[in-house]
Amino acid sequence: MRPLTVEETKIFFEKLSKFIGDNIRHLIDRQDGNYSFRLHKERVYYLNEELLTNSLSVSRKQLISVGSCFGKFTAGKKFRLHITALEYLSQYATGKVWVKSGAEQSFLYGNNVLKSGVGRLSDSISQHQGIVVFNMANLPLGFGVAAKSTQECRHSDPGTIIVLHQADIGEYIRNEDNLI
Amino acid sequence: MQIEENNDDVTLDLATMMEGDEGAVNEVHIPVLDDLDPDSDSDVIEDTTSQQDHREADDITVNITDITGEGLGDGIITEDMSILSQRIDETILILSNLKSLREEGMSRIDYMKSLKSDLCSYYGYNGFMISKLMQIFSIPELKAFLDACEMPRPIVIRANPIKTRRRELAQTLINRGVNLDPVGDWSKVGLVVYKSQVPIGATPEYLSGHYMLQGASSMVPVMALAPKEGERILDMCAAPGGKTTYIAALMKNTGVLMANDINRDRTKSLVGNIYRMGVKNTVICHYDGRSFPDKVTGGFDRVLLDAACSGTGVISKDPSVKTSKDNLDIKRCTTLQKQLILSAIDSVNHKSSSSIIVYSTCSVFIDENEQVIDYALRKRYVKLVPIDLGIGREGFVKFRDKKFHPSLKLCKRFYPHVQNFDGFFVAKLKKLENGERKKVEKKEVDSEDSD
C-alpha cells in the first residue's frame, strides 16, 4: 500500500470531480479524523489514519481490502469507479436522477435509464456529467453518465436514454466476485 | 403355530395403519378385523405394539412383499417409513417405563440397539452420528432434536442500524408485501419473515444494505461479544460477514475491525457484505487464524472466534452432515479449534479494559465445545464470564466420564427443538494475564477436576 503519485491523483480526482465536483475537499479535509487515499493492487482505498496503521501489519499478499474501495486503475491507466464508492458519491453528488419504481428494477439489472423511467432530475446537469441514480424513496441505486443535459431532456421522447449505466447495487448479487 | 399368530398380528397392524388409504388393502384384511371382538380391540393393539419391537425384521419384510403383490407399488417407501416411525415411538415409550412395558428377555441395551438402527434408517444418519447424539440428549429429547433438524428454521433478517432503523425497515418491507414480526425480546434488530411476495434477498433495500439475512444463531455470539465504539476487534473466521457487519454496526463504524478468513474464495462474499452494509472500519485479510498474533498482529480489545466445526447444529441447512462425519473428522475439528482458541486468547491485550474472547460453533457436540473451552482454561489465564441474554441452556459441567471446570455452566447452548434456532454454542472468556498457565497451577486444576 502506498500513497498515490501525482499523476495518479490527477487522473483519479478528474474522474471523481465529474460526480461530486468541488466536494472532493470534503473528503480530504474532515473534522473527524485524518483521511487519505491509498493505492493497493491498483485499487484506490479511502481510509483514516487508524486503519492505515492497522493495515501495515498485514502483508501485501494477504490484504484484501481496507476502509472503502473507490475503484481501480485499468491497464491503460484510466480510473474506473466501483459500486463500492456509491456511499460517498451519493452523499456529495452534484447531478442526481430519481427513477420511478417501475424503472427501478430495470436499472438494477444493469440497463440504462430512459426518459420514461425518470421521476425527477436535478437542474443544471450537463452532458457527460457523472450522475447518481436514486429511487423515489431516496435510496442510492447506482451511478452513470448523463447522455443529455437537463435542458435537452425536457424536450426528448420517452424512449431516449437519459443516463448511461456504469454501476448499480445489483452487482452485489450479480457480480459479487469482482466487486473490488 | 406361534409364528403364524405373529404373522397375523403384523398384518392386522398394517391394516389398521393403512385404513382409509387404500381400499383394496382394507378389503383384503377385513376378515381379520371382523374376527376381533370389539371389546378386546384396544388390548390386542397394545399387545401387538409391545411385541412388535423384538420381532424379527423378516416378518415385516414378508408382509411388505405381500402388499406389493397386491399392487401397491409406490406406497412401499412411505409405508416402510410409517412402520419405522411407529416402532420408534413405541420403543421410546417402552424405554420410558422399562419395568412394566418391556418384554421378557429384552434388556435396555437391546431396546437401545434397535432404536438406534431405526433412527439411523428413519432419519438417514450414520451410526456414529446417532450414537454421538444419543450421548448428548435423553431419548425423548433426541427424537425432538432429530425432528427439528428435518424442518427449516424461520427466515430471520437483521436490520442494519448503520443505514436504517428496524421500525422504518419493517414498514418499507410490509409495503412490499412481506409479512414479518420482531424476532423476540432479546434482540432489538432481528425480524422474523413469515411470508413474502418478493424475493427477500433481492429487494432494493437488501441491495442497499438495510438488512442482512442472518439466522438468530449468528446474532447471539456478537451480542455476547458486546463490542464498543472505538475498540480494536478481531473477527478470526469472518466469512460470509453476517457477524462481522453486526460487530461493525455495534461499533458505529468507529475503531478498527479486522475481518479475517482463511479461505480466499469466501472472502469475496465477505467483501460484498461489508461494502453492501456500508461498513467502513474494516481491514479484510486472509490468513490462517492460527497465524495470529505472531505473524500478523495482536493486542486486540476483543476477539470473536466463530470456529470451523462439524456443523451438527445446522443439519437442516446442510443434511450432508448426517452421513459425512466420522470420529476422525470430529477429532480433526477439535484439534484445529484448540489451536485457534489459543491463538485467539494470545491475540487479546489483557491490559485492555475489556479483553474479551467469544468462542462459538454451530455444533452441538461436547468435544467441539465444552472440551475446547476446558482445554483453554487449563492452558491460559482466562476465566469464563456470564452471557446476559436470558435465553439458551447452560453448558455441560460433566459429560460421561469427563468432568469439566465448574464455571463451564456459564456457556450457552442453543437447540433447534428448544429455541427454534440453529444448534450452536457460545462461550465468553475474559483474559487475565499473558502467557501459558504454569504447570503447577495446571496440576491443581487437574486435581480439582479429578476430585
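Because the structure is a prediction, the values reported are computed rather than measured. We name chains A, B, ... by the order of the sequence lines, and we start the count at 1 in each one. Just the heavy atoms: all of them, side chains too, but no hydrogens, waters or symmetry mates, feed the values below.
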Can you confirm whether more than 12 heavy atoms, excluding those of [X], are under 6.0 Å from its [atom1] atom?
X: A:Arg80; atom1: CZ; value: no
X: A:Arg60; atom1: CZ; value: no
X: A:Lys77; atom1: NZ; value: yes
X: B:Ile162; atom1: CD1; value: yes
X: A:Asp32; atom1: CG; value: yes
X: B:Tyr194; atom1: OH; value: yes
X: B:Arg264; atom1: CZ; value: yes
X: B:Lys430; atom1: NZ; value: yes

Pairwise distance [atom1]([X]) to [atom2]([Y]) - rounded to 0.5 angstrom:
X: A:Leu141; Y: B:Ser208; atom1: CG; atom2: OG; value: 6.5 Å
X: A:Ile173; Y: B:Leu207; atom1: CD1; atom2: CG; value: 4.5 Å
X: B:Tyr287; Y: A:Leu63; atom1: OH; atom2: CG; value: 8.0 Å
X: B:His286; Y: A:Gln62; atom1: NE2; atom2: CD; value: 4.5 Å
X: A:Ile83; Y: B:Arg276; atom1: CD1; atom2: CZ; value: 12.5 Å
X: B:Leu270; Y: A:Ser65; atom1: CG; atom2: OG; value: 8.5 Å

Which atoms of [X] come close to chain B, meaning under 4.5 Å heavy atom to heavy atom: side chain ones, backbone ones, both, or neither?
X: A:Gln105; value: side chain
X: A:Glu50; value: both
X: A:Tyr88; value: side chain

*Out of A:Val58, A:Val66, A:Ile64, which one pairs with B:Cys285 under the side-chain contact (heavy atoms from CB on, under 4.5 Å) rule?*
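Of A:Val58, A:Val66, A:Ile64, side-chain contact (heavy atoms from CB on, under 4.5 Å) with B:Cys285 is met by A:Val58 alone.
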
Review point. Below 4.5 Å, heavy atoms only, C-beta onward: do B:His210 and A:Leu139 meet side chain to side chain?
Key: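 Side chain of B:His210 against side chain of A:Leu139, heavy atoms only: contact under 4.5 Å found.
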
Test item: B:Lys163 and A:Glu87 side chains (from C-beta on) under 4.5 Å apart, heavy atoms:
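B:Lys163 vs A:Glu87: side chains touch.
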
Check: salt bridge (charged side-chain N to carboxylate O under 4.0 Å, His left out) between A:Glu176 and B:Arg266: does it pass, once the steps are laid out?
Finding: CA-CA 11 Å; A:Glu176 197 185 43; B:Arg266 276 166 65 86; over 6 Å; no

Q) For the candidates B:Gly278, B:Gly201, B:Pro204, B:Ala202, which exhibits the highest count of non-hydrogen atom pairs separated by less than 4.5 Å from chain A? A)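 Most pairs with chain A among the choices: B:Pro204.
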
Between A:Ser68 and B:Tyr275, does any side-chain donor sit less than 3.5 Å from a side-chain acceptor?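 Note: A:Ser68 and B:Tyr275 side chains miss the donor-acceptor criterion.
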
*Is it possible for you to check whether B:Lys280 lies under 6.0 Å from the centre of the six-membered ring of A:Tyr46, through NZ or CZ, and within 45° of that ring's axis?*
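Cation-pi check for B:Lys280 and A:Tyr46: fails.
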
Top contributor to chain B contacts, counting heavy-atom pairs under 4.5 Å, from A:Gly33, A:Pro140, A:Cys69 =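 If we count pairs closer than 4.5 Å to chain B, A:Cys69 comes out on top.
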
Option in A:Asp177, A:Leu179, A:Asn48 with maximal non-hydrogen atom pairs under 4.5 Å from chain B: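 The option with the most such pairs is A:Asp177.
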
B:Arg232/A:Asn54 under side chain to side chain contact (heavy atoms under 4.5 Å, CB included): CA gap, chis, key distance, verdict
CA-CA 9 Å; B:Arg232 224 172 136 249; A:Asn54 272 283; 2.5 Å; yes

_Suppose a student defines contact as a heavy atom less than 4.5 Å from any heavy atom of chain A. Which residues in residues 237-261 of chain B would they list?_
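Hits under 4.5 Å: B:Gly255, B:Val256, B:Met258.
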
